[in-house]
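One structure is given here, and the rest of the page talks about it.
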Amino acid sequence: LGTVGKVLPSQEVRLSDDQELLTRGPNVSQGYWGHPEWNADLLESDGWCHTGDIAGIDDEGFITIIDRKKELMVLSNGKKVAPQVIEKKILASHLVAQFMVIGEQKNYLTGLLVPNFPGVAKQLNLAYEPGKEDTFIDQEKVKAFFDELVQKALGDVANFEKVKRMTLLPHEFSQESGEMTPTLKLKRKVILEKYQKAIAAMYEKGKDE
């Protein structure tokens, strides 16, 4: 469970130094038709094909897809972070509606979090009135609750993968606002642009860390 299974007997797989899944076998394309220059990033001379997936292979040969290589964030110290891994750990809580981690070329991770407002209000025994989400997330009790929730969710990750600062948002990301795709994936560039002031403030607060 949670893996994509084992490789077929006719194929080979291995991981590159940066954990990209490589595959070789009769199933692999010979390359781009009419564009041999594109093949340099896809195929190695000995037949290994770069899938673009960051993966793990356990001792029994089961393959787990972790993230897309192009989605990896590189911190200012060179450390690489798979954002979906961090986000899934936090989104495992039913009290978190949405979460996006930030950190490309920064010295630590931050995040934008949308609470499950009715759920949090019930959990903390607080009053909640739809339309007044800004007031709700401004309460210190709510901020402290999510600080603790995120730290517990990331208790087993490396220090550079921990979210150091976080901003609570009063509204969910949506297709209508241009922040999500039709398949409900986050449009990270759009969100980074829209919330650039809030993001800058999180790094300003922690500039001496």
Would you mind listing every ring pair (Phe, Tyr, Trp, His ring centres under 6.0 Å) that reaches into residues 59-100, with sequence neighbours excluded? none

If you count heavy atoms of other groups shown closer than 6.0 angstrom to [atom1] of [X], is the number above 12?
X	atom1	result
K143	NZ	yes
K79	NZ	no
N125	CG	no
K6	NZ	yes
Q105	CD	yes

Donor-acceptor side-chain pairing of E133 and Y128 below 3.5 angstrom: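 A donor-acceptor contact under 3.5 Å links the two side chains.
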
N159 versus K164, side-chain donor and acceptor atoms under 3.5 Å: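 Yes, because at least one side-chain N or O of K164 sits under 3.5 Å from a partner of the opposite role on N159.
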
Closest heavy-atom contact between [X] and [Y]?
X	Y	result
V81	P83	O-CD, 3.2 Å
A55	L21	CB-CB, 3.9 Å
I54	D18	CD1-O, 3.5 Å
I90	V163	CD1-CG2, 4.4 Å

Where does the angle between the aromatic ring planes of Y108 and Y203 fall among parallel (under 30°), tilted (30 to 60°) and perpendicular (over 60°)? tilted

Thinking salt bridges, do [X] and [Y] make one under a 4.0 Å N-O criterion?
X	Y	result
K185	E87	no
K187	E179	no
E148	K152	yes

side-chain hydrogen bond (donor to acceptor under 3.5 Å, both in side chains) against E20, all qualifying residues, sequence neighbours excluded: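 For E20, the residues satisfying side-chain hydrogen bond (donor to acceptor under 3.5 Å, both in side chains) (neighbours in sequence not counted) are H50, K69.
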
Would a hydrophobic clustering, with Ile, Leu, Val, Met, Phe, Trp and Tyr connected at side-chain separations under 4.5 Å, put L72 with I66? yes

Check each of F145, F117, F146 against F136 using the ring-ring contact (aromatic ring centres under 6.0 Å, His included) test, and report the only one that passes. F117

